[in-house]
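Convention: sequence-line order gives letters A, B, ...; per-chain numbering from 1.
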Amino acid sequence: MSKYFPEQFEEKWAQQWVADGLFQKTFDVEGQTLENKMYLLYAFAYPSGSGLHVGHVEPLTALDIMARYYRSIGKKVFFPVGWDAFGVPAENYAIKTGVPPVQTTKESIATFSRQIKRIGISYDWGAELATCHPGYYKWTQWLFLQLYKKGLAYKKDAPVNWCPSCQTVLANEQVVEGKCERCGTDVIQKKMDQWFFKITQYKDELISGLDQVDWPKATKQQQINWIGKSEGALIKFELCHSDPDVMSGEESRKDMDPSVSPQDDTGEIKVFTTAHDTIYGATFLVVAPEHEIINEILNPKSEILNNTQISNDQIQLIEQYINQAKSKTEEERLINKEKTGVFSGLYAFNPASQKEIPIWIADYVLAQYGTGAIMAVPGSDERDNQFAKKFELPITYVAQKNGSSDKDKFISFSNEIKVNPSQYMLINSGEFNGQDFTEGREGIMKKLEDMGVAKRETTYKLRDWLISRQRYWGAPIPIVYDPEGKAHMVKEEHLPWMLPTDVDFKPTGESPLRLSKEFKERVEKLYGKGWTPEYDTMDTFVDSSWYYLRYTDPRNENEFARTDAMKNWMPADFYMIGPEHIVLHLLYSRFFTKFLRDEGYLSVDEPFQKMRHQGMILGPDHRKMSKSKGNVINPDDVMKEYGADTLRLYEMFLGPIDQDKPWSVESVQGQYRFLKRAWSLFESLPPRPRQEVESTPPYKGGESKFEKALLLPKEEYSRRNVGDPLSEGGTKKDLPFEGSTRRGRDVSQLLHKTIKKVGSDIEQLKFNTAISAMMELLNKIEAELRMKNYELRIEDAKKFLKILSPFAPFMTEEIWRNQLGEKESIHTAPWPEVDESLLVESTITIPVQVNGKVRGRVVIGIGDDEESVVAAAMQDETIIAFIPEKKYKKIIYVKGKILNIIV
RNA sequence: GCCGGGGUGGCGGAAUGGCAGACGCGCAACACUUAAAAUGUUGUGAGCUUACGCUUGUGUGGGUUCGACUCCCACCCUCGGCACCA
């Protein structure tokens with residue numbers, strides 16, 4: 001055996017493992033129930049042209065360590081690979097260069113596969129998938145049709161992001177701060193007929209289902225926030241005749257005449273609020289510029305106009321404002337925080353305060369949320385307050401902090417009221433004055449319900465999922481239109497509904513599929529003259545939100561996946577995915593899972609039982625890696641210098657997997673040294689039987705002290721394999737008996753502790769501490785070997801090699817097969833069993849504190865009681881130096897942990 | 001503004017109520033070498049001390065406890081997400 005040269009064997013084993021099909025699932029038999037399974041899933045990768053990044057290596061290695069570990073403790077591990085291969089980058093590249101996306105995608109997949117194999121990821125390549133393959137997207141389209149049949153896929157006119165320069169629609173994720181990510185042009189909203197999936201059907205279950213899964217708390221919270229459930233009330237405000245005089249000044253409560261109710265009903269405005277308890281302070285209403293009431297106002301024939309007197313001037317102002325608001329992008333509305341608005345000319349009746357209040361139109365109210373109309377309470381809402389001040393509208397304060405009466409602070413209370421309602425008191429609220437907000441909130445709700453003007457209501461921020469894309473490189477939407485323009489499903493026998501290839505990639509503002517002659521002809525041929533295809537393709541998130549199901553039965557041509565295969569494997573036991581997928585992919589996947597469950601295909605509610613996010617690998621400068629910053633680390637370079645095992649080990653050692661961590665060029669050395677030292681350890685062990693001891697080549701760099709210690713006389717080798725020199729009955733003539741026994745036991749004990757720790761650390765994803773533990777073990781073995789009165793047993797060396805093998809699969813395999821002459825791969829060997837009897841200690845050292853400060857330590861027997869521990873401490877001179885006259889007030893003894901003496 | 005994560009040596013980090021800084025990097029001295037690299041040994045939070053040691057120390061301030069990086073309260077800084085969401 002020579003010096004550690006990973007380049008001499010890593011490539012060889014990488015190819016050998018794949019050729020041997022070492023990691024393919026062979027235990028998936030149709031009709032059989034699977035037990036003891038472990039389905040490990042890594043985020044579906046987009047095969048980008050730039051190849052593997054150090055950021056991919058970390059989660060891949062983590063999962064690979066888990067896969068190798070769980071296999072060796074007897075789990076039936078399934079660790080599949082696939083490619084999220086449709087998407088915008090390949091298409092953009094095609095636009096630039098004319099190279100068809102199918103070609104670039106193939107090349108990229110080949111690069112990725114080679115690199116992933118090279119770092120030793122034990123994927124099951126037999127289940128490899130790509131979403132751009134017709135055998136895959138056939139079932140993406142099938143899924144669309146199932147949703148369509150149930151009314152969960154529908155078409156609707158909707159605004160989309162449009163880049164006027166690129167002449168194309170952009171996905172939300174292509175819009176960066178309101179600009180096109182490619183050309184920097186301002187994105188505008190354009191109304192188009194689009195396909196949606198009705199994810200809102202499952203909005204409540206998408207919240208409650210999170211209780212079933214082991215996901216990071218923050219991720220669950222982000223999903224909950226995204227769904228944005230808020231409970232409040234829907235309140236009806238009746239429209240009434242305008243009489244501006246009524247509104248002048250703030251009347252006192254006494255002026256209120258409950259008999260005064262609006263006589264000339266002309267309609268109503270429904271308002272959604274979560275703060276109905278502030279309704280007495282609602283001094284005006286505001287509707288969004290898109291609100292339906294505006295159509296009434298601007299329609300000369302409408303009833304509303306007949307019943308009110310809105311001047312023509314006012315109507316002109318309204319028209320002007322509406323047009324202005326429409327021309328603004330959503331981004332512009334947000335950036336300009338200055339409130340704008342216009343009086344509608346209408347009044348409504350506040351059912352609580354019994355006042356007539358004006359209705360305003362303003363774009364700070366969002367049409368899409370709630371009812372597109374609000375009751376404005378400028379006394380306790382900051383936005384309403386700004387608006388009221390600007391347009392000189394009345395302000396009524398309805399909340400007061402107990403023991404405070406500072407009017408200016410009332411606004412800032414509003415957020416706190418929801419957190420601590422009992423600390424605030426209602427004022428200017430009729431019969432509710434003096435009640436706290438817990439009591440008043442319920443009372444006011446009841447009153448409004450009794451009046452028949454309000455009901456409890458829940459709203460959500462979650463919108464249906466827009467899946468249409470005016471893009472080429474995606475799965476075609478399997479819909480055709482008859483000559484009248486009515487949509488029909490593509491027949492199942494026509495699936496896969498093939499993506500045409502006769503298209504030009506120049507962006508024209510039209511869906512690229514419109515340019516395909518073949519596509520049009522195909523539809524007419526199959527469905528009749530005058531029929532046309534749907535030209536849009538599906539959002540690539542559709543492809544990537546069900547792939548984990550296809551993995552379970554990836555080559556099935558008749559079904560999406562066998563029901564029993566999905567039943568056997570789902571849910572995925574562990575999913576590692578970047579935090580950027582928290583909202584979209586993970587929410588969509590959960591939606592599909594719930595839909596397919598309801599259709600009877602699946603028996604699970606949630607697709608991913610346990611999920612964690614890998615952190616980002618930052619550049620050495622602690623900033624995000626990017627070419628422009630020049631801080632990119634290329635995994636190929638690291639491998640060239642140190643080998644794949646060092647790269648793997650280093651990324652795992654960096655720190656907790658879910659944390660962002662900077663790369664350190666020097667620190668990589670540490671892992672390389674560790675592997676070199678481990679390699680050297682085995683140089684002294686017996687070589688393969690057919691090899692002569694003398695033929696072992698000397699260390700290239702010369703013998704170190706440590707190596708000299710390792711070089712044992714030839715006859716020692718045979719002796720080792722016969723008897724156990726460390727047991728009482730073993731040969732011990734050359735070794736001091738006391739020393740060898742104690743040291744041998746110490747090392748064995750540490751070995752078994754380490755076996756235990758590495759296993760449990762892997763299960764807890766604490767790869768960094770698992771590696772530290774193995775380093776400590778090696779440090780200890782080396783130190784003992786240096787003492788020359790300890791020798792390493794080959795069985796123990798093998799155990800050490802085995803627990804290192806998930807982390808450094810190449811080096812351990814090379815030693816295992818070449819040096820130790822094993823016939824089967826180390827990766828099929830079982831995990832070493834922990835000898836618990838070795839872990840039992842007879843004596844322990846415990847620290848002794850005096851007044852909470854450690855002053856010394858005593859060695860005690862494992863079963864010693866408090867009395868004898870205290871007695872032992874009182875013998876120790878350094879300890880009693882801190883205890884005047886050996887007198888103490890109190891003793892705290894935590895069995896086996898610590899003794900604290902209070903003086 | 002709201003939601004969530006985090007703050008420990010020169011650096012990455014370890015310790016989840018019981019010896020703070022495991023493990024690794026870096027640094028220093030020494031050994032090997034003609035020399036360098038590699039490798040090995042020893043040391044390495046700060047302050048004080050010839051030394052044994054002592055004091056101090058986990059963002060800040062307070063609290064609970066015999067004992068707090070760890071639990072509680074308030075605050076500061078930082079990173080990520082959402083945001084005129086009523």
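Residue-level contact check: A/Q659 touches the backbone only, with heavy atoms under 4.0 Å from sugar-phosphate atoms and none from bases. Within 4.0 Å (heavy atoms only), A/D658 reaches no atom of the nucleic acid at all. Heavy atoms of A/H276 sit nowhere under 4.0 angstrom from any nucleic acid atom. Within the 4.0 angstrom heavy-atom criterion, no nucleotide atom of any strand lies near A/N851. Using a 4.0 Å heavy-atom distance criterion, A/V854 is classed as a sugar-phosphate-only contact. Residue contacts for A/F882: at a heavy-atom cut-off of 4.0 Å it reaches the sugar-phosphate backbone alone, with no base atom in range. A/N225 comes within 4.0 angstrom of the backbone, heavy atoms only, and of no base. Note on A/I374: a base of the nucleic acid sits closer than 4.0 angstrom, heavy atoms only. Among the heavy atoms of the strands, none lies under 4.0 Å from A/R463. If you check every strand for non-hydrogen atoms under 4.0 Å, A/P656 touches sugar and phosphate atoms only. Using a 4.0 Å heavy-atom cutoff across all strands shown, A/L654 reaches sugar-phosphate atoms only and no base atom. Contact annotation for A/K889: no contact, since no heavy-atom pair falls under 4.0 Å across all strands.
Contact annotation: A/K220 does not reach the phosphate of B/rG4 (side-chain N/O to OP1 or OP2, under 4.0 Å). Between A/Y369 and B/rA86 there is a side-chain N or O to OP1 or OP2 distance below 4.0 Å. Side-chain nitrogen and oxygen atoms of A/R673 include at least one within less than 4.0 Å of the OP1 or OP2 phosphate oxygen of B/rG26. Between A/R855 and B/rC54 there is a side-chain polar atom (N or O) within less than 4.0 angstrom of OP1 or OP2. Distances shorter than 4.0 Å separate none of the side-chain N or O atoms of A/K217 from OP1 or OP2 on B/rG4. Note on A/K766: a side-chain N or O is less than 4.0 Å away from OP1 or OP2 of B/rA15. The shortest distance between the side-chain N/O atoms of A/K339 and the OP1/OP2 oxygens of B/rC84 is not below 4.0 Å.
For the C1' atoms, the distance linking B/rU70 with B/rU64 amounts to 13 Å, nearest Å. Across the P atoms, B/rU8 and B/rA29 are found 29 Å apart, a figure rounded to whole Å. Only the C1' atoms considered, B/rA36 is 38 Å distant from B/rG47, to the nearest whole Å. Rounded to the nearest Å, the gap between the P atom of B/rG4 and that of B/rC54 is 45 Å. For the C1' atom pair drawn from B/rG13 and B/rG45, the interatomic distance equals 15 Å after rounding to whole Å.
The separation between A/F387 atom CZ and B/rA86 atom C1' is 14 Å, rounded to whole Å. Between A/I417 atom CD1 and B/rA86 atom C1' the separation is 14 Å, expressed in whole Å. The OH atom of A/Y672 sits 12 Å away from the C1' atom of B/rU39 (whole-angstrom rounding). Rounded to whole Å, atom P of B/rC82 lies 15 Å from atom CG of A/L462. Here the P atom of nucleotide B/rA22 and the CZ atom of A/F767 are 23 Å apart, to the nearest Å.
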*Please assess A/W215 against A/I582 for the test side-chain contact (heavy atoms from CB on, under 4.5 Å), listing each intermediate value before the final yes or no.*
CA-CA 11 Å; A/W215 286 16; A/I582 286 172; over 6 Å; no

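Salt bridge annotation for A/D865-A/K895: absent, with no cationic side-chain nitrogen under 4.0 angstrom from a carboxylate oxygen. Between A/K624 and A/D660, no side-chain nitrogen of the basic residue sits less than 4.0 Å from a carboxylate oxygen of the acidic one, so the salt-bridge criterion is not met. The residues A/K780 and A/E784 are annotated as salt-bridged, a charged nitrogen and a carboxylate oxygen being separated by less than 4.0 angstrom.
The residue among A/P847 and A/E666 whose nearest nucleotide of RNA chain B is located toward the 5' end is A/P847.
With contacts defined as side-chain heavy-atom distances shorter than 4.5 Å, the pair A/Y642/A/L647 does not qualify. A 4.5 Å side-chain heavy-atom check between A/M576 and A/I657 finds at least one atom pair inside the cut-off.
Annotation: cation-pi geometry not satisfied between A/K676 and A/Y4 (NZ/CZ under 6.0 angstrom from ring centroid, within 45° of ring axis).
Base pairing annotation: B/rC11 forms a Watson-Crick or G-U wobble pair with B/rG24, both donor-acceptor distances under 3.5 Å.
With hydrogens and angles ignored, no donor-acceptor pair under 3.5 angstrom links the side chain of A/K461 to the base of B/rC82.
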